[in-house]
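Each chain gets a letter, A, B and so on, in the order the sequences are listed, and its residues count up from 1.
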Number of protein chains: 2
Amino acid sequence: MPENRETKKRSGTKEKILKTAITLFCNHGYKGTSVRKIASNVGIRESALYNHFKNKEEVFLEVAKNIFNSPFAMKEEEIKETALRGKNFLQKFVMQYKMLTFDKQSENMFKLLMIELMQNKELREQFMSDFHNKNIKTLSEAFFVMMQNGLVRSGDPMMVAYEFLSTLFYIRFQITLLRFDAKSTDALATQFEKHVDIFWESIKL
Amino acid sequence: MPENRETKKRSGTKEKILKTAITLFCNHGYKGTSVRKIASNVGIRESALYNHFKNKEEVFLEVAKNIFNSPFAMKEEEIKETALRGKNFLQKFVMQYKMLTFDKQSENMFKLLMIELMQNKELREQFMSDFHNKNIKTLSEAFFVMMQNGLVRSGDPMMVAYEFLSTLFYIRFQITLLRFDAKSTDALATQFEKHVDIFWESIKL
DNA sequence: GTCTATATTTGGATAGAC
DNA sequence: GTCTATCCAAATATAGAC
């Protein structure tokens, strides 16, 4: 028995369901996606879907599981180290943010988040803690280091972090809207780099 | 006939329907709000609602009609004039933005916009043109005037406008999320003023 | 203008044959 | 594991009496 991992060696239906569900949930949200539609897109009957998932919510939870999983998290020590490089840190941070923005899976999760955010209290709280606070913390630490080392004008690191992050979010938000309709994002894609340039000029010593 | 305006002098049912519909649509979105729920909250049967509106969509459109109506628009000349006052212009602009954020009706419309934005192509386009571009235009003009008059460092007025606006949007976005759950927004409310202070310091000559 | 009753559709979910 | 058949609930909408 060469592959008895997990006992069942699948026909792949469950994966197909998940893949289809991701597309549908991320474009139409929970309410906008029916079990019927998922099943029909997969090419099976609804009843067959229930062999793989207990109910609609379980499918959704499986899809939304990675909604706050960032593939590009920075480690604590890495932050403090890289922060000493000033603008270079910001460029690195923004590059990761940009990759997230254009990464297909991250983009889908962001769309889903934006759709469900207003209808799901738990998501709102996770958005604040995971999405916002985590980034603010990273950036604050970096700006603090920069201030300590005389690289940037001193001030409240949290405030500077907020200013810096908010623009990144807005760019990502707009890009996500444009990509919904398959519109060009060329102008906005370069906005990330321009933001770093302008911002650095405004805070550097 | 003292009041033959519009022929029908209403029992107020239509207004009551609209008022109820605003609350429901703005908190649960189009799909999340049923005609049943609206009618029952008003205190009538569904069938009675159809005496006032052709269908659910017509109720929604009536509600969403004012989604981009800003009660605080600045006139062209006013912008150029006030821009000469530098930081004072930014303070005024932000104060209006802040009022919008906390104005009950505007807040509802913003919630509705955020809910529906990801599911409605037309709204996305209106968001870009009415919401984003209009503000960018106003701010760009102001920053241009400020640059011409040596009040702020010269640069691309549009870029500076983008930096300034994006933070305002993010603050509003976060406040809206908090208010969804009736959480305190004290910390964020002062962020508006702090933003102006920080931003002005970073661009002034 | 509101009610009762009803038509129709859509969506989530289960039973049981194969 | 998939299918057919079926059930049930919820939702949009209409007809016609009052």
Considering only heavy atoms, which members of residues 25-34 of chain A lie under 4.0 Å from some atom of DNA chain C?
Thr33(A), Ser34(A)
Nucleic acid contacts of residues 40-50 of chain A, taken as heavy-atom distances under 4.0 Å to DNA chain C
Glu46(A), Ser47(A), Tyr50(A)
Could you tell me if Lys14(A) sits above the aromatic ring of Phe53(A), with its cationic atom closer than 6.0 Å to the ring centre and no more than 45 degrees from the axis?
yes
Parallel, tilted or perpendicular: which fits the ring planes of Tyr30(B) and Phe25(B), with parallel below 30° and perpendicular above 60°?
parallel
Centre-to-centre under 6.0 Å for Phe173(B) and Tyr170(A), is that the case here?
no
Is it the case that the ring center of His195(A) lies less than 6.0 angstrom away from the ring center of Phe164(A)?
yes
Tell me the interatomic distance from [X], atom [atom1], to [N], atom [atom2], rounded to whole angstroms.
X: Lys14(A); N: dG1(D); atom1: NZ; atom2: P; value: 9 Å
X: Lys56(A); N: dT14(C); atom1: NZ; atom2: C1'; value: 18 Å
X: Arg36(A); N: dG11(C); atom1: CZ; atom2: C1'; value: 5 Å
X: Lys54(A); N: dG12(C); atom1: NZ; atom2: C1'; value: 14 Å
X: Leu24(B); N: dA11(D); atom1: CG; atom2: P; value: 12 Å
X: Phe53(A); N: dG1(D); atom1: CZ; atom2: C1'; value: 14 Å
X: Ile38(B); N: dA11(D); atom1: CD1; atom2: C1'; value: 12 Å

Looking at Lys183(B), is its backbone amide N or carbonyl O close enough to the side chain of Asp181(B) to form a donor-acceptor pair, meaning the two atoms are under 3.5 Å apart?
no
Please determine, by modelled atom types, if Tyr162(B) and Gln174(A) share a side-chain donor-acceptor pair under 3.5 angstrom.
yes
Taking the side chain as every heavy atom from C-beta outward, state whether Met114(A) and Leu117(A) have any atom pair closer than 4.5 Å.
yes
With a 4.5 Å limit on heavy-atom distance, are the side chains of Phe180(A) and Met118(B) in contact?
yes
